[in-house]
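Quick notes on the structure that follows.
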There are 2 protein chains.
Amino acid sequence: MNMLTSQELTNLLRERGYKVTPQRLAVYEALADETWHPNAEMLFNKLQPKFPAMSFATVYKTVEILHDINVIQILNTGEDSFRYDADISEHYHLRCLKCGAVDDALMDDGVKLQLTQDVEKQSGYTISRRQFYFFGLCPKCSTMH
Amino acid sequence: MNMLTSQELTNLLRERGYKVTPQRLAVYEALADETWHPNAEMLFNKLQPKFPAMSFATVYKTVEILHDINVIQILNTGEDSFRYDADISEHYHLRCLKCGAVDDALMDDGVKLQLTQDVEKQSGYTISRRQFYFFGLCPKCSTMH
DNA sequence: CTTATTGCAAAGTCTTTGCACAGCA
DNA sequence: TGCTGTGCAAAGACTTTGCAATAAG
């Protein structure tokens, strides 16, 4: 995945007039660390050990800023809470209906373009973004019957 | 669109052990009446004239039942609230980033299958459902500059 | 030293729940 | 008549906002 270094993130924040704080770097690192799509609570829990005083308000404010400077994307997989993804490349998401896991899948650019053009023609819309969600059973839950 | 008659809905509700009430029929009719993807508040407002005493609780309970008996689908277009759709055929949804309109587009079965198989192969998931959202400008907002 | 950010608590949205009364079967 | 459904109000989950203390530049 194409994650930013602390230095790159620092520069981006400064360019946009945001100050650089340990919390902001840590939230981004937590998101970029692995293929992970946490919601606010999961992020909060992960950051607890390092920032025992951190509040949910900071988590929410921070992801809003990271989204604003376009280094993370916000996912709505049909749950009650939003999930956050440090991979900003356009890709699909899958959610396991049994265990709740959320995973990535790659998007083929040719298919994506074809689909978008078809839908634009049908609908008259000018399309700038897509979000595709697949629901089913993850590999683990598929084999456990 | 393939909407149910009151009689068909009545039968389905009874089959599943639900009672048939004017509110339930009216919520379904409101949804089926037009190509419309209201959230709870929009539904509530639409039903106000006919049912001035109806509460939000009834709206929410009713859409849950209609979803349970599989006559409506629930959409997450990335807004704060869910939207409801009486068209249960699998189709795309578009949301206008300017005026907030939510519209339908048809889903090509061939493309759907191809995509699903690709993603299953990549991810190891067993996929049973999809929700695809396109974001951009609707025809009206595209031409108004 | 100035201004933005943090953390807390309170408020705000959307949705769900509990319960008494009303209405379907 | 029996039991589910409705409507109200209160509670719940997630997120946002206001503000004083704190930290960044």
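Letters A, B, ... are given to chains in the order of the sequence lines, protein chains preceding strands, and every chain is numbered from 1.
- Between B:Y84 and B:A40 the shortest heavy-atom distance is CE1-N, 3.8 Å.
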Applying salt bridge (charged side-chain N to carboxylate O under 4.0 Å, His left out), run through B:D109 and B:K112 and close with a yes or a no.
CA-CA 5 Å; B:D109 276 345; B:K112 178 184 87 180; 3.5 Å; yes
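- Taking the six-membered ring where the residue is Trp, the centroids of A:F132 and B:F134 are separated by under 6.0 Å.
- In this structure, A:T21 does not reach the D:dA23 phosphate: none of its side-chain N or O atoms is under 4.0 Å from OP1 or OP2.
- When distances run from any side-chain atom of A:A57 to the nucleotides C:dA9, D:dA23, C:dT6, the shortest one goes to C:dA9.
- B:L9 has its CG atom 15 Å from the C1' atom of C:dC24, to the nearest Å.
- With distances taken from any side-chain atom of A:K19 to the nucleotides C:dG7, D:dA24, D:dG5, the minimum falls on D:dA24.
- Listed pair B:Q23 / D:dG7 meets the phosphate criterion, a side-chain N or O lying under 4.0 Å from OP1 or OP2.
- Set against D:dT6, D:dT15, C:dT6, the side chain of A:A40 has D:dT15 as its closest nucleotide.
- The nearest whole Å value for the distance from the CZ atom in A:R24 to the P atom in C:dG7 is 11 Å.
- No more than 12 heavy atoms of other residues, nucleotides or ligands shown are found within 6.0 angstrom of CD on B:E64.
- One can place CG of B:L43 at 14 Å from P of D:dT6, the figure rounded to the nearest angstrom.
- In this structure, CD of A:E15 is placed 18 Å from C1' of C:dA4, rounded to the nearest angstrom.
- Residue contacts shown for A:F56 are absent, as no nucleic acid heavy atom lies under 4.0 Å away.
- Atom P of nucleotide D:dG12 and atom CD of A:E41 are separated by 16 Å, given to the nearest angstrom.
- In the interface, the side chain of A:K61 is not paired with the base of C:dT5 through any donor and acceptor atom under 3.5 Å apart.
- For the pair A:L25 CG and D:dA24 C1', the computed distance is 12 Å after rounding to whole Å.
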Please assess A:D103 against A:R95 for the test salt bridge (charged side-chain N to carboxylate O under 4.0 Å, His left out), listing each intermediate value before the final yes or no.
CA-CA 6 Å; A:D103 286 301; A:R95 179 155 63 85; over 6 Å; no
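- One finds no side-chain N or O of A:R14 lying less than 4.0 angstrom from the OP1 or OP2 phosphate oxygen of D:dA24.
- Of the two residues contacting DNA chain D, namely A:V20 and B:Y18, the nearest-nucleotide position lying further toward the 5' end is that of B:Y18.
- Closest-nucleotide positions on DNA chain C for A:P52 and B:D80 were compared, and the one nearer the 5' end corresponds to A:P52.
- For D:dT16, the OP1/OP2 oxygens have no side-chain nitrogen or oxygen of A:Y60 closer than 4.0 Å.
- Across every non-hydrogen atom of A:Q131 and A:I74, the tightest pair is NE2-O, 3.4 Å.
- Note: CG (A:N76) to P (C:dT15) measures 11 Å, nearest angstrom.
- Remark: P of C:dT3 and CZ of A:R16 are 21 Å apart, rounded to the nearest angstrom.
- At C:dC8, none of the side-chain N or O atoms of A:S55 fall inside 4.0 Å of OP1 or OP2 (strictly under the cut-off).
- Among the protein residues, B:P22 comes within range of the sugar-phosphate backbone only, with heavy atoms under 4.0 Å from sugar or phosphate atoms but none that close to a base.
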